[in-house]
Amino acid sequence: MADFTMEKGADGVAVITWNLPDKSMNVLRQQGGEELGALVDDALADDAVKGIVITSAKDSFAGGADLNMLARIRDDAGDDPAPALFDFLMNIHHMLRRIERAGMDDKNKGGKPVACALPGTSAGIGTEIALACHRRFIADNPKAKVGLPEILVGLFPGSGGTTRYSRMVGAMAAAPVLLEGKMLDPKAAKSAQLVDEIVPADELLARAKEWVLNATDADIVKPWDQKGWKMPGGAPYHPAGFMTFVGASAMINGKTKGVYPAAKALLSAVYEGALVPFDTALKIEARWFVSVLMDPSSSAMIRSLFINKEALEKGANRPAVEDQKVKRVGILGAGMMGAGIAYVSANAGIEVVLIDAAQDAADRGKAHSEGILDKGMKRGKVTAEKKEQVLGRITATTDYAALDGCDLVVEAVFEDPKVKAEVTAKAEAAIPSTAIFATNTSTLPITSLAKASSRPDQFIGIHFFSPVDKMALVEIIKGKETGDVAVAKALDFVRQIRKTPIVVNDARFFYANRCIIPYINEGVRMVAEGVEPALIENAAKLLGFPLGPLQLVDETSIDLGVKIAKATKAAMGDAYPDDAVDAVLFRLADEGRLGRKSAAGFYAYDDKGKREGMWPGLGDLYPVAADQPDLAEVQHRLMFAQVLEAVRALEEGVLTDIREGDVGAILGWGFAPWSGGPFSWLDIVGAPWAVERCETLAAAHGARFAPPALLRELAEAGDSFYGRFGPEARAAA
Ligand code: NAD
């Protein structure tokens, strides 16, 4: 079955409809591109056709390009894939250019009007097709979003979107759409000129046809195809344009720290394209796009942030048991985490019973949802009706009997095994025997907490990250006795609340915290050694980490660090390796510097609690050494501290799927997204280099950098993590 079909009406309008068989949303596949081109050529050549409307039979227009297609073209092209990718892109450019020129002659006469009718959301190449058309209509669909979000997966709009849109609105105005990948609702899309008209859904096709039948020659000539066209806001050598590009370059480098190849390539395509005629600009765009596709960072980002993230969300590792959708969830503890979990659950349509020890605490927990909804209303994202519905689903109470009928309980009381055991028993007495009990503990082993349960096979860890409404990752932890139904329940719940799950086995700090703690510790350790704190923080930022290790511990609180350190030391005894780190943390905590919450930590804060620079007193406690390490040395310490922990988690079977290790790292603690995650990063730098580098680091800084056996083995075998443990290898095994 075809992806695109065409119907030529008696009114002279050819309607081309995009409708991928068996998919809920259209994506552009190789076959689809060829079909669309052939249909457009047919319509343009047919004298009976006066104009064309391109639309979709689904409630959205398109989700973008099939990203697997780009990977396939690259992989199929052998040793030198760049020319194949370039030819592929130029074919799309030619096809879209044929739509845009629509049979016009050199004098811009005689073309056929082409309108695009978007029933709903249009992203990526969907929007690029629309931009090539002469007029864009969108249905007044409250769910619709229009944009070019390619940058978010490490690409940029490479099917003419970059060149067309920057020429339509100017480089400055194009930035939110191209550089930030913002998806806009119809109204905002109209003011951003991504669409021209918002029309009632049932009039969409009629209005587009009407325009096509009434459009004049002048209506269908793009500005850049007219004589004397000038780039809005100025081309690079125009005084205003010059300022724009200097500013844009500074902004991009400031935001991306130079680690995202796509952002730089995008700006280069706009800058260089603005200096030449349109068709040459498209060629430049294609060349930059190929350079990004050939960069290992972009394929790693696409793999982790798109393909694997989606696979995990769709249940790649879900046990094959029947649907476990949650209808009524009980939440124990209405503090910071419990209140957040209550909000995301109620927002997803689940009935919530929110329990705390005192009624006012439970009420405060519910009020947290009200606060988020009120903010949403102020921004016009939430209606009064929606607010009422969501709040109506939350029952705040102290009465465990209200848990009756809950099919899932999520416990988020104090991090104290005794308190947790007590509420587990109380809840289990009230819930159905089939219900699943989950704990949101961040540090306590699931298997030992499960001892308080009368049905440990129905006991599991569901570990959220703070703030719950913003953080996309949920870590699901299997205890020794956790059964398949519990895992499926947790996965179905995470899917309902539209977050991304990873499933790991039970070991100290599970996966995410296990890797974050060494990152923080390495930063703190360097402070004690006299490394300039600003060097530590900037080294992390230049690796693409959102927060340096010292800012991160300020945010999560230094006393929490102290608490975790004490518990870890108690558990590990003499093997405990982090005394040097603790000396610093304990000292700051003793001085009442607990981080952001006390407006004093590694950083200084002003009266309003706003973070200023590094705390000047830090240099008195830990004088900065005269000899400072290279930036690369500091970066490698920070990087390997995390990735070696990820490798050990895999070796020990805490992680069972490297895709989860990569996706979890990016979503859980902002691990250098450009790298695709710890395992992708190791594959980019190569195991042999990593082993060599780790040996040097271990000799200089200690055994924590000693390469794990698995890394050595891969280096010796000339293998990679994805080569050995990726989905293809797993399927073959
Ligand atoms: P919190 O102190 O903000 O909230 C705990 C709540 O539990 C309080 O409202 C308290 O009144 C209530 N509570 C205590 N004993 C109770 C009992 N017997 N019955 C009913 N309610 C009781 O703590 P939090 O930050 O929300 O953390 C809760 C859990 O989530 C802990 O296990 C913590 O380790 C874990 N966690 C925290 C974070 C984080 O960033 N704060 C992240 C992930 C997991």
Side-chain angles (χ1 to χ4, degrees), residues 330-345 352-369 394-403 409-430 437-446 448-450 452 459-477 490 494 499 502 504 508-514 516-517 520 547 552-564 566-568 594-597 664 667-670:
I331 295 168
L332 311 182
M336 187 167 88
M337 298 305 288
I341 300 165
Y343 167 72
V344 296
S345 306
V352 175
V353 179
L354 181 58
I355 291 191
D356 207 294
Q359 185 62 42
D360 62 333
D363 291 339
R364 268 199 308 278
K366 180 169 174 177
H368 173 74
S369 290
I394 305 177
T395 307
T397 178
T398 57
D399 181 9
Y400 280 72
L403 293 174
V409 168
V410 181
E411 170 277 302
V413 299
F414 297 141
E415 190 74 338
D416 176 336
K418 265 202 228 112
V419 182
K420 290 199 188 286
E422 193 187 300
V423 300
T424 305
K426 270 166 97 175
E428 284 189 355
F437 189 99
T439 170
N440 180 47
T441 180
S442 31
T443 57
L444 303 167
I446 304 303
S448 68
L449 291 179
F459 193 98
I460 193 163
I462 302 185
H463 180 213
F464 284 84
F465 294 79
S466 174
V468 176
D469 58 310
K470 299 232 164 65
M471 296 294 287
L473 185 73
V474 178
E475 192 172 24
I476 294 169
I477 305 115
V494 172
K499 295 199 182 284
I502 61 171
V504 302
R508 179 172 294 283
F509 303 133
F510 318 131
Y511 172 62
N513 285 339
R514 174 184 181 142
I516 300 170
I517 292 169
I520 290 177
L547 305 184
L552 186 56
V553 68
D554 261 16
E555 295 291 334
T556 53
S557 94
I558 291 174
D559 53 325
L560 178 66
V562 167
K563 213 172 138 196
I564 291 174
K566 284 184 177 160
T568 313
L594 307 182
R596 173 181 288 285
K597 71 177 183 192
L667 300 186
W669 73 97

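Numbers for residues simply follow the sequence, beginning at 1. Counting starts at 1 for both ligands and their atoms, following the listed order.
- Within the 4.0 Å heavy-atom criterion, the part of S466 lying near ligand 1 is the side chain and not the backbone.
- Residue contact check for ligand 1: A412 places a non-hydrogen atom closer than 4.0 Å to it.
- Of all protein heavy atoms, the one closest to atom 20 (C) of ligand 1 is A357 N, 3.4 Å.
- Shortest non-hydrogen contact noted between I394 and K366 is O-NZ, 3.0 Å.
- Looking at every heavy atom in both residues, A430 comes nearest to A401 through CB-CA, 4.5 Å.
- Atom 32 (O) of ligand 1 has E415 OE1, 2.5 Å as its closest protein atom, hydrogens excluded (heavy atom only).
- Nearest heavy atoms, P417 versus L449: CA-CD2, 4.3 Å.
- Of all protein heavy atoms, the one closest to atom 27 (O) of ligand 1 is M337 CG, 3.7 Å.
- Closest to atom 2 (O) of ligand 1, if we only count protein heavy atoms, is F414 CE2, 3.5 Å.
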- prompt: Which is it for W669 and L547 under the side chain to side chain contact (heavy atoms under 4.5 Å, CB included) test, yes or no, and what are the steps along the way?
  reply: CA-CA 9 Å; W669 73 97; L547 305 184; over 6 Å; no
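- Annotation for V468 and K499: closest pair O-NZ, 2.8 Å, computed over non-hydrogen atoms.
- Within a 4.0 Å radius of atom 23 (O) of ligand 1, the protein has no heavy atom.
- Heavy-atom contacts of K420 reach the following atoms of ligand 1: 31 (C), 32 (O) (cutoff under 4.0 Å).
- The proximity of V419 to ligand 1, defined as any non-hydrogen pair under 4.0 Å, is limited to the side chain.
- Across the listed options V413, I564, D356, D356 owns the non-hydrogen atom lying nearest to atom 12 (C) of ligand 1.
- Annotation for ligand 1: atoms under 4.0 Å from non-hydrogen atoms of S442 are 33 (C), 34 (O), 35 (C), 36 (N), 44 (C).
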field: CA sep, side-chain torsions, deciding dist, call: V413, K420, side chain to side chain contact (heavy atoms under 4.5 Å, CB included)
entry: CA-CA 7 Å; V413 299; K420 290 199 188 286; 3.9 Å; yes
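- The distance from ligand 1 to the heavy atoms of G335 drops below 4.0 Å at these ligand atoms: 3 (O), 4 (O), 6 (C), 9 (O), 26 (O).
- Of all the atoms in ligand 1, the ones that sit under 4.0 Å from a non-hydrogen atom of Y400 are 19 (N), 20 (C).
- When each of E415, K563, R508 is paired with T443, the side-chain hydrogen bond (donor to acceptor under 3.5 Å, both in side chains) condition holds for E415 and for no other.
- For ligand 1, the atoms lying closer than 4.0 Å to a non-hydrogen atom of H463 are 43 (C), 44 (C).
- With a heavy-atom cut-off of 4.0 Å, F464 touches ligand 1 through its backbone alone.
- Residue V352 comes nearest to I331 through the heavy atom pair CG1-CD1, 3.8 Å, listed as atom of the first residue, atom of the second, then distance.
- Between M336 and ligand 1, a contact under 3.5 Å exists for at least one N or O pair.
- Using a 4.0 Å cut-off to heavy atoms of T441, the atoms of ligand 1 that qualify are 32 (O).
- Annotation for M336 and S466: closest pair CE-OG, 3.4 Å, computed over non-hydrogen atoms.
- Remark: side-chain polar atoms of E475 are not paired, donor with acceptor, to backbone N or O of F510 under 3.5 angstrom.
- Nearest to atom 18 (N) of ligand 1 by heavy-atom distance, out of T443, N440, V423, is V423.
- A salt bridge links D559 to K597: one of the charged nitrogens lies within less than 4.0 Å of a carboxylate oxygen.
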